[in-house]
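Data first, discussion second: the structure below is written as structure tokens.
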Number of protein chains: 2
Amino acid sequence: MTTNKDITIYDLAEELNLSPATVSRALKNNPVINADTRKKVLDLATKRGYRSNAFASNLRTQKTNTIGVIVHELNSYFITAVLAGIEEVATEAGYDILIAHSNETVAKERTNAHNLFNKRVDGVIASLAYDTDDLAHFAPFIKKHIPLLFFDRTDNSIAATQVVIDNVEAGYQATKHLIEQGCKHIVHATANLKRNVYSDRLAGYKKALLEHTLPYNEALVLVNDFKEDTGKLIVEQILAMKQLPDGLFVTNDFCAAVCIAELKKASIKVPKDIAVVGFNNDVVSRMVEPNITTINYPGKLMGRTIAERLVLQLKTKKNINKQDQIIVPSELIVRASSKRT
Amino acid sequence: MTTNKDITIYDLAEELNLSPATVSRALKNNPVINADTRKKVLDLATKRGYRSNAFASNLRTQKTNTIGVIVHELNSYFITAVLAGIEEVATEAGYDILIAHSNETVAKERTNAHNLFNKRVDGVIASLAYDTDDLAHFAPFIKKHIPLLFFDRTDNSIAATQVVIDNVEAGYQATKHLIEQGCKHIVHATANLKRNVYSDRLAGYKKALLEHTLPYNEALVLVNDFKEDTGKLIVEQILAMKQLPDGLFVTNDFCAAVCIAELKKASIKVPKDIAVVGFNNDVVSRMVEPNITTINYPGKLMGRTIAERLVLQLKTKKNINKQDQIIVPSELIVRASSKRT
DNA sequence: CTGAAAGCGCTAACAT
DNA sequence: ATGTTAGCGCTTTCAG
């Protein structure tokens, strides 16, 4: 059977009495090749089931036409939307993408970075894990002038293009909305403040309080991760407070949903007793009762935007690994969980 | 600066007055090499920041040490659990994994299959999209004796190792449970019956009805996809029925959650008026009120199991692309959405 | 417009 | 235990 041997350009060349060079050029649609010759080559290639050997090509050209994407998780609408956006742009520009997920741990993020480096991706797009502190594992890319870009979870200690939303503004809008609903004691449940997204949202929270001359009470800021049962923990912490808060701003819809369920169990009415705002506009925010007021931001657009930047850097070799921030729009979506008026 | 040139084994060899072959062997921990030599090589390699060039190696060895995974979606706890399981086993066995998601469309599944084939993965693990009908895009793997294995969404028309749950039994248990709760008119909301998982669950549904001498009414079987607003559609269909059903078995927790929300909006009480059972034990099933009765099945175990099989096939070159079914356990988890007694 | 030839970096016979 | 050598398949000067 003919199934075991791979067809190479040499096989095609021999059969057509051409040189491998010509075949190679024809397959690459090099305009220098005679149209007839090209057609003959392409026809035979399909007929023989030729597939280009990327390794040989990569080895020769020192390029992989592949971009690596490191995300902090996979299981989220936001992330899958970003990936879809990246994919669209990358595919169109002739790049494959390699998805690696760190599952919110630096350890895996490090491994992934090394892997992608060894896979010699032409560029990297990343969103940091919760606990990433030291960014040394990204240094090799910088050193070799491989474009490295961040979206959403970024870090200013590293010079890079970053695509983000205005998290200060988003945190501000969320908190202001709660204040306007009459809330005076607003709990802010968030995650590792090392991450820009969380520290910025906290800043927005503070700004809104200040602007409405409400006191900032550190005890109302609850920093956890967003594991499955964190919502339960948060509600426990809330119930243990001397004074029950009347507002809750959780920077994660999933967690907000669990909080609402737990509050209900404790016979606390949402939004009457505690008004709740989440973050991300995840599907779950439209799935629980009451629907969750949240911050929407355009994952697909973020993905497209960052991929376009990367592709541009790859094409032009310009602005690689330079500090540059692109802000995509975000907005508050008001739903039942916070409406008291 | 020294950052631009990649270090090769030739550079190391030259600096140590050794042959490239020796360096290669040392780096691969080939036992034939003198321990001192090996140490010298490894030390210099780290010192010089040597990284192996996988393309050269792949080109030479005709192996990639990479396994491709095609999943029908990314945004699900089940899938991410499976991926985690696959990753554990693959990493330990020295394989990288390449994740491709088809987003429930054959078109992307085809592209992904071609991509992985061109990337020359050593093996493939896949779960089919909703609408995959023709499996021709997997034929190239079979032809070249590249191990191809399926989990969850499989198809018996292709000879392959498959790791699944007993979907007939699961459908049977779910339906039987509803019947035992007193339900007599049970709607079964499911998806494309071309997919084994859905046709088998339907078979289980029928079996349970038959066993309890309840009539099978085709009008009660609603076949849709599981997009975000499908739940709404299902409830519309239910509300349009002459007689309101008293049970609803939806083969997807997300969709079941939306159904419950929509039923509530229509002032139908769950479980009192309609008892609901979902499928997958997704986090959302514990997040909505009432919590959803569902079928749990072990994603991580499935992932580990299928990866182990693949690795074994790769090592032994045996049982590649032979029909073989492995069933992992699944179970009914009873929660409030179906409890009427 | 096409061909010849070299080389990308690595590995595996086959020697020594 | 180490070295020599050839070649994996492709691209790209350089020549014609």
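- Cation-pi geometry between A:Arg51 and B:Phe117 is met: the NZ or CZ atom falls under 6.0 Å from the ring centre, inside 45° of the normal.
- Atom CD in B:Glu14 sits roughly 13 Å away from atom P in D:dT4 (whole-Å rounding).
- Each of A:Val23 and A:Tyr10 has a nearest nucleotide on DNA chain C; the 5'-most of these lies closest to A:Val23.
- Rounding to whole angstrom units, CG of residue A:Leu16 and P of C:dT2 are separated by 12 Å.
- Checked by atom type, the side-chain pair B:Ser127/B:His72 shows a donor-acceptor distance below 3.5 Å.
- Side chain of A:Gln62, nearest nucleotide from C:dC8, D:dG3, D:dC10: C:dC8.
- Between A:Tyr50 and D:dC10 there is a side-chain N or O to OP1 or OP2 distance below 4.0 Å.
- Nearest approach of A:Ile146 to A:Gly123, heavy atoms of both residues: CG2-CA, 3.8 Å.
- Near-neighbour residues of DNA chain C inside residues 33-41 of chain A, defined by a heavy atom below 4.0 Å, number-ordered: A:Ile33, A:Asn34, A:Thr37.
- Exactly one of B:Thr132, B:Val197, B:Val71 qualifies for a side chain to side chain contact (heavy atoms under 4.5 Å, CB included) with B:Arg153. That residue is B:Val197.
- Using a 4.0 Å heavy-atom criterion, one finds that B:Phe55 contacts no nucleic acid atom at all.
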Output one line per pair: protein atom, nucleotide atom from nucleotides 12-16 of chain D, and distance, for all N/O pairs under 3.5 Å.
residue	atom	partner	partner atom	Å
D:dT12	O4'	A:Arg60	NH2	3.2

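- Remark: A:Lys194 does not engage A:Asp131 in a salt bridge, criterion side-chain N to carboxylate O under 4.0 Å.
- As rounded to whole Å, 11 Å separates atom P of C:dG9 from atom CZ of B:Arg51.
- Whole-Å rounding puts the A:Leu59 CG to C:dC10 P distance at 9 Å.
- Residue-environment remark: CD (B:Gln325) exceeds the threshold of 12 foreign heavy atoms within 6.0 Å.
- At a threshold of 4.0 angstrom between heavy atoms, the contacts of A:Asn17 are confined to the sugar-phosphate backbone, with no base atom among them.
- Checking C:dC10, D:dG9, D:dA1 against every side-chain atom of A:Ala56, the shortest atom distance belongs to D:dG9.
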B:His101 and B:Glu109: side-chain hydrogen bond (donor to acceptor under 3.5 Å, both in side chains), yes or no, with the steps? CA-CA 7 Å; B:His101 62 120; B:Glu109 186 176 290; over 6 Å; no
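- One interatomic measurement links the two molecules: CG of A:Asn53 to P of C:dG9, which rounds to 16 Å at whole-angstrom precision.
- The residues B:Asp43 and B:Lys39 are annotated as salt-bridged, a charged nitrogen and a carboxylate oxygen being separated by less than 4.0 angstrom.
- The side chain to side chain contact (heavy atoms under 4.5 Å, CB included) test with B:Asn196 singles out one residue from B:Asp155, B:Val164, B:Asp152, B:Asn156, and that residue is B:Val164.
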